[in-house]
Each structure stands twice: as structure tokens, then as C-alpha cells.
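Proteins come first, then strands; the chains are lettered A, B, ... in the order of their sequence lines, and each starts at number 1. Quick caveat: nothing in here was measured; it's all calculated off a predicted structure.
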2 protein chains.
Amino acid sequence: MPRVGLSQAEIVNTATEFVNEFGLEQLSLGKLAQQLKVKPPSLYNHIASLEELKNQLNLKALRLLKQDLLKATVAKTHEEALKGFAYSYRSFALKNPGLFHATLRTVEDREQAIKQEGHEILELILIILKGFGLEGNSALQATRSLRASLAGFVLLELNEGFGMPLDMNESFEKHLQGMIISLSSFLTEG
Amino acid sequence: MPRVGLSQAEIVNTATEFVNEFGLEQLSLGKLAQQLKVKPPSLYNHIASLEELKNQLNLKALRLLKQDLLKATVAKTHEEALKGFAYSYRSFALKNPGLFHATLRTVEDREQAIKQEGHEILELILIILKGFGLEGNSALQATRSLRASLAGFVLLELNEGFGMPLDMNESFEKHLQGMIISLSSFLTEG
DNA sequence: CCTTAAAACTAATATTATTAGTTTATAAAC
DNA sequence: GTTTATAAACTAATAATATTAGTTTTAAGG
């Protein structure tokens with residue numbers, strides 16, 4: 001019966017393009033409505049708020065990222081899988097800076113779908129770490145460490161926070177080598 | 001000759017308290033003016049813009065952080081100095097979440113003072129790494145890796161991005177162990 | 001064809017940063 | 001002690017922000 005114009009998916013898609021081009025913090029409903037050739041209040045027929053839209057971006061980002069990570073790790077030895085994971089993670093962030101930024105947002109307890117995706121990525125890491133002999137508590141600790149190292153590197157790279165004239169690819173490769181070696185320290189429980 | 005009321009320092013101090021309590025993204029000139037019992041436009045007699053105020057917070061944060069780091073690393077062996085650096089870094093971030101957040105802002109080329117502070121912290125790391133036998137390009141690469149690992153961990157901790165019921169202190173200790181071990185991989189040039 | 005429900009709209013409110021222009025207080029000069 | 005210059009604080013205004021309420025439009029189902 002109703003008018004068929006916009007859809008939530010279309011809004012999220014346009015928002016995705018926007019944040020990847022101009023940055024998450026530049027996103028506003030006014031600019032978004034302009035791109036969609038619609039007045040700002042019309043967006044509220046499809047999304048609850050700007051915050052909710054950002055949560056949608058978070059969710060979309062995690063789903064896409066998970067797909068990439070799965071492709072990059074399937075049918076590989078543990079070390080190659082870990083490398084594939086890391087390269088894929090960084091590559092996703094560099095190609096989708098706005099979406100990546102959205103994945104780092106603090107999320108409320110009720111956002112179950114987002115937590116679910118995050119949990120599945122965590123489990124992917126745990127499977128890889130099993131190949132390194134890491135299980136249980138040690139594996140969880142190692143996961144935290146890996147996540148921190150990866151996210152930190154990519155975040156600083158995106159924010160141009162390094163500021164030194166060093167090749168980023170080489171830096172990442174060495175960082176990854178260090179991450180792999182560091183895993184040995186998680187093997188000894190205690 | 002003029003009225004002597006506010007000062008830039010006072011504004012920055014109040015902003016510091018505010019962001020540490022409510023978060024950097026909650027900072028607005030309206031709320032700040034309210035706390036200072038002043039109308040928002042009055043702030044422009046002392047600061048150029050909200051952006052500039054955030055840069056001031058960035059600068060203040062780096063100066064305080066540098067002080068902490070120096071105290072935590074002076075007169076120690078290289079490994080103890082690195083540990084001191086790491087613990088001090090994390091401790092600063094946990095005690096001053098808003099200020100720490102401000103240090104991660106992307107900064108323009110003209111903000112020389114901020115770059116200067118960042119550079120001095122970098123040099124502190126390089127001195128520590130010399131004790132590990134790291135110099136030149138290897139040391140710079142290792143610095144990037146350390147910065148990424150540290151900032152990533154603290155950022156995820158502040159954002160409650162880990163989400164697992166694991167003791168954060170233990171996680172950080174193991175993460176740090178891993179960081180130290182990973183340094184060996186930066187020793188071999190190539 | 002007509003009803004209905006949702007989508008898009010207009011109008012409005014409140015908060016944001018910021019600029020222009022005016023008033024005021026006070027420290028220095030006389 | 002009075003005057004005066006000056007910077008600080010003010011009021012008023014603009015433009016952008018998110019959001020809500022209420023109205024109009026439109027397209028699909030009966």
C-alpha cells in the first residue's frame with residue numbers, strides 16, 4: 001500500500017560510501033538525505049536515529065570483514081592462516097576506512113547482532129590459534145593480544161599517526177612477524 | 001586594562017576534567033561555558049575554535065604522558081624500562097581516558113608543538129630499544145610495532161572492545177611479555 | 001474506485017559552532 | 001582621583017545539527 005521509495009538497505013549503502021570517502025565523523029543525516037535526494041526527516045521512516053545508523057554500519061562492516069577473513073584463512077596451515085587473517089584485516093581497513101572506523105565504536109549491551117559477529121570473528125582466531133597449540137585461557141589471552149596489535153597498527157596507519165617516512169608494508173610485515181613470535185609466550189600457562 | 005576573568009589555561013583545565021569524566025565526543029562549548037559560568041561566545045576570547053581546544057587537549061595530554069613515561073623509565077635496565085614505559089602508558093590512559101583519546105586525533109601539519117611532543121616520546125622509545133640492541137631502521141620498525149600494540153590494547157580496553165570475562169591486568173602482562181619477545185624478530189635486518 | 005498504510009513532506013524545537021557588534025570592567029596613564 | 005584604552009564578556013544573529021509532530025501524498029489491495 002505504501003509509497004515505495006527508500007529502504008534501510010539503500011540508506012546504509014549510501015552511508016557506507018559516504019563514510020569511506022569522507023570519514024565516519026563527517027556523516028550527518030542532512031548530507032545523507034541530500035545524497036538520497038530526500039529531506040532529513042524522511043530517513044526516520046527507515047532508521048531510528050543517527051546512532052542506530054552507525055550501528056548498522058558497524059554490523060555491515062563486521063559481516064563483510066568476516067567474509068574476507070574466512071576467505072583468507074580457509075584451507076591453510078596455521079601460520080599461513082594467521083598471516084592471511086592479518087593481511088586481510090589490514091586490507092579491509094585500508095579499503096574501507098569509514099566502515100573499519102565504525103567497527104571500533106563502543107556498542108551497547110542490547111546490540112546482539114553486532115556482538116554475534118564479533119564473537120564469530122573471535123572464534124575464527126581461536127581455531128587458528130589451536131594450530132599453534134594454544135587453547136583455553138592461553139588462547140583467549142593470545143587473542144586479545146593479537147586483536148590489540150592488529151587494530152592498533154591499522155588505526156595508527158589510518159590516522160597517519162606514525163609520521164615517519166618508513167614503508168608501511170614493510171612495517172606491517174615485521175609487526176606481523178613479531179606477533180607470530182610473541183605467540184610462543186602464551187604457550188606457557190602462568 | 002581589560003577585564004580579567006577566564007584564561008586559556010582555565011578553559012583547558014575544565015575541558016580536561018570534562019572529557020575525562022564524560023568522554024571527548026561529549027565535549028561542547030555550550031557545556032563547557034556552563035561549567036565556567038560564562039556564555040559560549042566568551043570562550044572565543046581565549047580559544048580559536050572547538051577544534052583548537054581539542055588540539056590543546058592533545059598537547060596537554062602528550063606533555064603529561066611524557067612526564068609519566070620519563071619517570072617510569074629513568075635509571076632502569078632496558079627490559080625494566082620497557083615494562084615501565086608500557087605500564088605507565090596504560091595507566092595514564094586508564095586514569096585519563098578523555099585526554100588519552102585526544103592524543104589519537106589526527107593532527108594537521110602546522111601543529112608543530114604536538115608533533116614535537118610525539119617526537120620526543122618516540123626518542124624515548126628509541127633509547128630504550130638501544131638497550132635491546134636495536135638501532136637505525138630496525139629500531140624504527142620496532143617502535144611502530146610497539147606503539148601499535150600498546151595503543152591498540154589500551155584503546156580496546158577503554159572501548160570495552162574485548163568483551164570477554166578475562167582479567168585485564170593479566171591480559172596486559174601477557175601482551176607485554178609477547179611484545180618483549182617479539183622484539184627479537186626486529187634484530188635480524190631484512 | 002476507494003480505502004489504507006506507509007512514505008515523504010512541512011513545520012517546529014533544541015542543540016550545536018561560530019561571527020558581529022555592543023557593553024563593561026579594570027588597569028594603566030595622566 | 002579621574003580619564004581612557006583595551007580586552008573580556010555580553011547579546012543577537014546565522015547556519016548546521018538531530019529529532020518530533022503533524023500533514024499530505026501515493027501506490028497497492030480489496
Query raised in the report: Stepwise, does the side-chain contact (heavy atoms from CB on, under 4.5 Å) test hold for A/Leu29 with A/Ile47?
Result: CA-CA 11 Å; A/Leu29 295 183; A/Ile47 55 165; 4.0 Å; yes

Requested in this report: Verify side-chain hydrogen bond (donor to acceptor under 3.5 Å, both in side chains) between B/Gln177 and B/Glu173, making sure each step is shown before the conclusion.
Outcome: CA-CA 6 Å; B/Gln177 286 296 336; B/Glu173 216 162 297; over 6 Å; no

Query - Stepwise salt bridge (charged side-chain N to carboxylate O under 4.0 Å, His left out) check, B/Glu111 with B/Lys115 - result: CA-CA 7 Å; B/Glu111 311 294 343; B/Lys115 299 209 159 186; over 6 Å; no

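The 12-atom threshold is not exceeded at CD of A/Gln34, counting heavy atoms of other residues, nucleotides or ligands nearer than 6.0 Å.
A donor-acceptor contact shorter than 3.5 Å is absent between the side chain of A/His175 and the backbone of B/Arg144. Remark: the backbone N or O of A/Leu104 is paired with a side-chain donor or acceptor of B/Asn159 at under 3.5 angstrom.
Distance A/Leu43 CG to C/dA8 P: 9 Å, rounded to the nearest Å. The CG atom of A/Leu50 sits 13 Å away from the C1' atom of D/dA16 (whole-angstrom rounding). Rounded to whole Å, the distance from CG on B/Leu53 to P on C/dT16 is 15 Å. At whole-Å resolution of the value, CD in A/Gln8 and C1' in C/dA6 are 15 Å apart. Taking atom NZ on A/Lys39 and atom P on D/dA16, their separation rounds to 13 Å, with Å as the unit. Between B/Tyr44 atom OH and C/dT18 atom C1' the separation is 5 Å, expressed in whole Å. Between the CG atom of A/Leu6 and the P atom of D/dT26 there is a distance of 15 Å, rounded to whole Å.
Using a 30° and 60° split on the angle between ring planes, A/Phe18 and A/Phe22 fall in the tilted class, from 30° to 60°.
The side chain of B/Pro41 sits closest to C/dT19 out of C/dT19, C/dC9, D/dT19.
Phosphate proximity of C/dA6 to A/His46: absent, as no side-chain N or O sits under 4.0 Å from OP1 or OP2. Within the 4.0 Å cut-off from OP1 or OP2 of C/dA7, not a single side-chain nitrogen or oxygen of A/Ser42 is found.
Taking only distance into account, the side chain of B/Asn45 never meets the base of D/dA7 through a donor-acceptor pair shorter than 3.5 Å.
A heavy atom lying under 4.0 Å from DNA chain D marks the following residues of residues 14-36 of chain A, by number: A/Ser28, A/Leu29, A/Gly30, A/Lys31.
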